[in-house]
Each structure stands twice: as structure tokens, then as C-alpha cells.
Amino acid sequence: MSQFQIKFMPENRVIEAEHGASLLSVAAKAGIMIKSGCGGKGTCGACKVEIISGDPIVNGTGNLTPEQLSKGIRLACKTSVQGDMTVEVPPESRLQEHQVLLGDAPKGIIQESEHDLLEKFGRQPLALKQRISLSKPTLTENSSDWARLSIELRRALKTGDKPIHIPLSVLKHLPESLRKANWDVSVTMTDTEAELTVTHIEQGNDVPPYGLAVDIGTTTVVVYLINLLTGEIVDQQGTYNKQAKYGDDVITRIVYAVESEQNLIEIRDAVVGTVNGLLDKILARQSLSSKDIASAMVAGNTTMTQLFLGVDPRYIRLEPYIPTMTTVPSFSAQEIGLHMLPEALVHCYPSVASYVGGDIVAGTLVTDLANGEDIILFIDIGTNGEIVLGNQDWLVSCACSAGPSFEGGGITFGMRAMPGAIERIFIDPETLDVSLKVINDQTPVGICGSGLVDCMAKLLGAGIIDRAGNFQLGHKSGSQRIRATADDKEFVLAWAHQAGGEKDVVITENDVKNVIRAKGAIYAGIRSLLNMVAVDIDMISRIVIAGGFGNYLNIHDAVQIGLLPDLEPERFEFIGNASVKGARLALLSQNAWREAEELGRKMTYVELSVGATYMDEYMAALFLPHTDMNLFPSFQ
Ligand code: FES
């Protein structure tokens, strides 16, 4: 097959591609990650590129305007190669290393309680390492190598009756390992309730055993390196999930994954590759070898967990929405393909149901929600909008598919919280003059989730939109910023000259309606759960907010637009990346791990699509802040 040269600008990177290959996949091969919200269906418009030279096959142009088309703008997913080409990938179409929430929350409360939790559960990590000096065998003291080692291990670890197992792959090298080390060895083991398993034998050393706490988010992946002896977080690294090129949300990825066996492998490799990429960076920085990593604990939503293991996810999205497993067996690093000790075990957090997964169970464990009388509401404000409500006596959960608006998807200038994203907005209610706070003080190229919430509140406050989200073209200010275009109404957040581009950065009426639907979904989810268990909003003593978005969120704005219930600000608390925190906790404590499995079983999953309650609540919430203003006394 003929190969063509595709050059990507401004990198000037040239890569060979075959006839018919989509530009989206060619770019990914060149290491240039292009956003693809709809997974290549040509509907989201996220993957715009400019064809500088060459004559590609264009299979669709989506919502591109005639003006854009005349400038050579095409959708990378709908454009394929039939000759040499030069392609410019603009910044707004790129996935970039962005602000990934590594776990630190702005408030200290949770960190302290996290520490207390580890003390409460007791520290007993899922892997350990023991240095052993053996006496050399002689003609009179001639017990076998394994007997010699296992007896000493048992003595050193005071294991009692707990069986010690050695897999064949390790046993095969045992004689050499012992003799090469001159009978002074370090033995790495995994520890489960049932048994100890030897995973590695090496020359005696004092390097501690390390473990990984991994959060696989739909959008971002975070890895912590943990010293299993001290419990300390030695290093951390995060990036976007490479699966993003197959779609922004879990459904689009499932659809892609089940198209063919090859697709499932590809999408699994993308996430395993993301984790390995982070791990390799950490190992290099810490001068460690992959053999020093003795255990891993992974927390992710149900779809992410299945895709990470390469397990067919198709029934997750088909009624009656059944995941393949909720408790997940542990597998060796070798089977999964992680750059760790090959025999080391990789554990995954248990899920509750198809749309309430291990990340939420991890968060529930860390908030200590199930251990007191107080009723606590735990919300992950993200694409999947998971909510948990309960206390020591009962736990209910649901997911309300808020969609990707808060993570930048489906919004004309929406983007993730990365440099160039507008995160705060101030609008003068008289003149409608705007001042912006942009991440890293760069020129504004788009708007992130927290910026959107802020923007909505300010648009409403200044009378630019009404409570239904309709633009008020005849605003008293007479400002040029509110205007109607051929297909929508919009408000200019930044003029083209401020944004350093040809286009004004705007928010459209359609965007506003998308945000209203997203916030409505979350609020309706909260109300439905409360109704279900007959709990009044006032009875909630704490609202704990998790997620990459929660960290930057302004509570006042969020309440004003009706995303969060109208309660005193003191009741709200941010927890940051609860998923990775929960992963660390379970990695360091077998009791915490057991408690997590218990939580997974105990939590009742409420299917919101059954019955009319959720739909009614949702319709009522499609207003700013709500159709029932009695629910928002502070904003009446
Ligand atoms: S339009 Fe190309 S990925 Fe959505």
C-alpha cells in the first residue's frame, strides 16, 4: 500500500500514513493528541484542523461553516489521507497536559481524617518485603532451598499458620537466586487474607517495597508512588487518559470498544499505556526499577475498570445495565501489562453497579460516610455525576449522566481546566464590560467548568439571560457584546484581539442551555435520592464534593445557578481526588480494603431511568436556579 508523508504543524513533525487513514488516527500516531468529543462521528466539532496543503478525502464536514471550509478547516475524524499533506493543529483542538487533580484539597479537614482513617483501619499493606539471611546448606544440614527459605520467612514474619506460596515462575530461579546472593536475600511478597505469595527474590538490600495508587478517571489518570513501609506518598504524576481520542464519555468509548476485538484491545492499551507512561516517569525520577513496585490498587468507574482489564463492556450500556463484575479478582501485573514486578498483584476497587464504580466506593471510604449518624451527601461533579447519600445505617447511590459540559465538552469554547481557560468572570451589570481570570494568565482561548458556572451566574446576575437561559437581546446597556448570529444568540466573553485569534470567544444560548441541562441533571439526582429515602435537604450535615472540577468550583455561584442545594457554605467541603486517596488507603490497609468491598456490597444503587421521579425533578430543575424558588431562599 502506498505511504504518504503527513506533516503536522507547528511541530513540523512528519509521519507516514496509508491511503484512507483518518487524520485523527494519524495525528495520534504522531503523538499529537486531538480532542474528539464524539469519538469520531463528526458531530462534536472538537477535532478541527487546518489543511495547509494537500488534497484529502473529506467524508463529512459536520457543523463547519462555509467560511471555515473556505479557509481549509476540516474535521480530523472525517478527513482521510490520499496523498502528502501538511496539517496545522490549532491549540483549541489539542488535548494538553493540563491541570490534573492530583489529590490535594484546598481544605485540610479531609487530609487529617484520611490520616486518622489509616490509623483506624490499621496499617497492613497488600505487599511487603523481608530481608533474610540463611545459613548455607551442608552435608548434615541439607534441607531443601524452599524449606530453608520458607521456614526463615515464617519465623521473621511471625505468620502463624498462614500459608506461604511460591509460584512456579519464581521457584524455577530459586536455587540460583539464593546462591548468587550468597544466601542473603530480599524477598518480596503479596499479602492477602488467605496467603502470602513470594513474587520476587533478589540480592539482600534495604530498598523499601513500593506500591501504586492509581485513579483512572474518564478524563484524567493519576498515579501515586507509595512507600509501603512508611505509607508516605513519594511521588505523583497525572495526565489525561489517552482513551480520550475514542470519545469524551464512557458511552462513546463502550460503543467504540465493542465494534471489534481489535478496538477493545486498542482502547485497553490506551489506558494501560497511560498508566505505564506515568509510572515510567516516576521510576526514572526516583531512580527505581519496575521490580521495586510490589503492588497496585486501581480505582476507576465501572467502565474504566472493565476497559483497563480488557473485559467486554457492552452490557454496561444495554438495559438492564449489567456490569461483568462488581468485585474484581486480582491479576498479576504481567497479565495486565503494567511495568511492575511481573508477579505482583494489581487490585481493582469494587463497583456498585454499571454507573457507580470503584472511584465512588473509594470516595465513600475516604469521606468516612458510612461510620457516623450524620447524613452525608457525596457528589462527584463530572461527566457521570455520581451521588452517594447516607450514614452508618443506610447508603444509596445513583449516577445522573450530567454530560461533559463541566469538563468542556459540548460547549462552543468549552475546554478543560488548562492554561488559557477562563476560570473566573466579572461582568459589570450596567455596561456589561467583562474582566476575566485566565489560568496561567494566558490569553483566553476557551472556558473551563468552573468558569462556566461562574459565567452562568454572572450572565443571570447582569440580566443577560433570563431564568430559562434565554438571551435578552434588548439589554438596557445596549452593549455590542450581546448579539444574534445566523444560528444562535451569544455573548462575547473576549474579543478576538484579546484572545489572540481571529475569533471572539463567546458563550452561546445553546451553551447556556447545555449547562442548564447538566446542572439540572445533578440537582435532580440529588433530589431524587433525597425523595427516595424521605430525607429533607436540611437534614444533610455535610456535602462533600469530589472530582477534578470540584476543586475550582465557587460554591456561591454553583448554588445561584441551582447546581448545588441552597445550604450554608460551611456545610460544603471539597475532597479533591477522592478516588486516588481511597486507592492509597486500601493499598496500605487490608482492613480498609475489606471495608471497601463491604461498602460496595452495602450501597443500594438507584436506577434513575426507572419511574417518573427523576424526570419530573429534572424538568423542574431546567431553570435558574429552579422552578420552585422556595428551594433557593437565598436567591429569592
Ligand atoms: S467531530 Fe471529530 S471527533 Fe467529534
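Hydrogens, waters and symmetry mates play no part in the numbers below; they use all other heavy atoms, side chains included. Atoms within each ligand, like the ligands themselves, are counted from 1 in listed order.
Scanning for side-chain hydrogen bond (donor to acceptor under 3.5 Å, both in side chains) contacts around Glu50 gives an empty result, with sequence neighbours left out.
Take a cut-off of 2.8 Å around atom 4 (Fe) of ligand 1: the protein N, O or S atoms inside it are Cys38 SG, Cys44 SG.
Within 6.0 Å of the CE atom in Met9, the count of heavy atoms belonging to other residues, nucleotides or ligands exceeds 12.
Remark: the Glu266 side chain and the Tyr246 side chain contain an N/O donor-acceptor pair separated by less than 3.5 Å. Side-chain contact check for Ser579 and Asp215: at least one donor-acceptor pair (N or O, by modelled atom type) lies under 3.5 Å.
No donor-acceptor pair closer than 3.5 Å links the side chain of Gln243 to the backbone N or O of Arg268.
Ion pairing between Asp504 and Arg483 holds under the 4.0 Å rule for side-chain N and carboxylate O.
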